[in-house]
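Note: hydrogens, waters and symmetry copies are ignored here, and every other heavy atom, side chains too, is used.
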Amino acid sequence: MTTMATQGAWLRMTSSVAKSTVTSKELGFLTSQLSGVRISHFPSDVTNRISVPSFPGIQPIVARRICPFTGKKANRANKVSFSNHKTKKLQFVNLQYKRVWWEAGKRFVKLRLSTKALKTIEKNGLDAVAKKAGIDLRKK
């Protein structure tokens, strides 16, 4: 519940803000508050209507859902309903973050691998599986 004093202060603040605003004709352009896009409304400024900051070399870092040791990736399958209506879905690989002891390097290596690759590493050893997959464990 607000009191009359706080409402009066709010009304005075909003009226002072309304008086101090500058029209877009005085500025010569409009500025978006969300994305920083500058849009000119003068016909002579046709070439620079929209100037958006661009970053050509920067791309978002996304962890791919592919096992580096076995090459397993998502499978496209059908989701079948009771009425036999089929819709496409993805069956992702069971990827796990796992610290595996690397005997040659005398240290643990943190890897993101599938459970199938984990069984293969337990059977054949980390060095043999990494060599077959072409992975250099010294970088990690």
Side-chain angles (χ1 to χ4, degrees):
M1 177 179 259
T2 59
T3 62
M4 293 299 282
T6 57
Q7 287 178 352
W10 182 78
L11 287 173
R12 276 179 279 169
M13 182 179 65
T14 55
S15 64
S16 66
V17 170
K19 291 177 187 174
S20 66
T21 58
V22 181
T23 63
S24 62
K25 290 183 180 180
E26 293 173 3
L27 291 177
F29 61 88
L30 299 173
T31 304
S32 171
Q33 296 294 326
L34 299 175
S35 62
V37 176
R38 182 178 166 184
I39 304 171
S40 173
H41 70 277
F42 289 121
S44 62
D45 197 15
V46 174
T47 57
N48 294 329
R49 287 223 174 163
I50 299 175
S51 60
V52 179
S54 62
F55 306 104
I58 299 175
Q59 292 182 354
I61 298 172
V62 177
R64 298 180 66 200
R65 293 181 175 134
I66 295 177
C67 178
F69 291 96
T70 59
K72 286 182 171 283
K73 57 184 177 179
N75 181 40
R76 288 194 47 96
N78 283 324
K79 180 180 179 182
V80 183
S81 68
F82 179 74
S83 64
N84 205 23
H85 180 74
K86 296 174 181 70
T87 55
K88 296 290 184 186
K89 72 171 188 173
L90 285 176
Q91 296 172 339
F92 294 113
V93 182
N94 188 6
L95 292 176
Q96 306 292 324
Y97 285 99
K98 184 74 178 167
R99 280 180 47 207
V100 182
W101 178 254
W102 181 31
E103 190 63 38
K106 303 289 187 209
R107 65 182 176 96
F108 281 100
V109 181
K110 188 175 181 181
L111 301 170
R112 186 178 190 215
L113 42 86
S114 64
T115 52
K116 176 72 176 177
L118 189 59
K119 287 175 69 175
T120 308
I121 288 171
E122 288 175 2
K123 180 180 177 183
N124 300 334
L126 181 60
D127 283 326
V129 176
K131 184 177 180 182
K132 185 176 180 182
I135 297 173
D136 186 16
L137 295 173
R138 290 176 284 159
K139 289 188 260 183
K140 296 185 179 188

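Across all their heavy atoms, A133 and F69 have their closest contact at CB-O, 3.7 Å.
For residues 67-79, the side chain to side chain donor-acceptor pair (under 3.5 Å) pairs, not counting sequence neighbours, are N75-Q91. Sorted by first and then second residue, the salt bridge (charged side-chain N to carboxylate O under 4.0 Å, His left out) pairs involving residues 95-106 (not counting sequence neighbours) are E103-K106.
Note that the CD1 atom of I66 and the CG atom of L113 stand 14.5 Å from one another [nearest 0.5 Å].
Every residue was checked against the side-chain hydrogen bond (donor to acceptor under 3.5 Å, both in side chains) condition with T87, not counting sequence neighbours, and none meets it. Listed by chain and number, the residues in a side chain to side chain contact (heavy atoms under 4.5 Å, CB included) with F82 amount to none (sequence neighbours excluded). Residues passing the salt bridge (Lys or Arg N to Asp or Glu O under 4.0 Å) test with K86, sequence neighbours excluded: none.
For the side chain to side chain contact (heavy atoms under 4.5 Å, CB included) with V100, the lone residue among V129, L137, L111 that qualifies is L111.
Think of L95 as one node in a network of Ile, Leu, Val, Met, Phe, Trp and Tyr side chains linked at under 4.5 Å; its network also takes in V93.
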Validation: residues 114-127 side-chain donor-acceptor distances under 3.5 Å, sequence neighbours left out:
from	atom 1	to	atom 2	distance (Å)
S114	OG	A117	N	3.2
T120	OG1	K116	O	2.9
D127	OD1	W102	NE1	2.7

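A donor-acceptor pair under 3.5 Å is formed between the side chain of R112 and the backbone N or O of R64.
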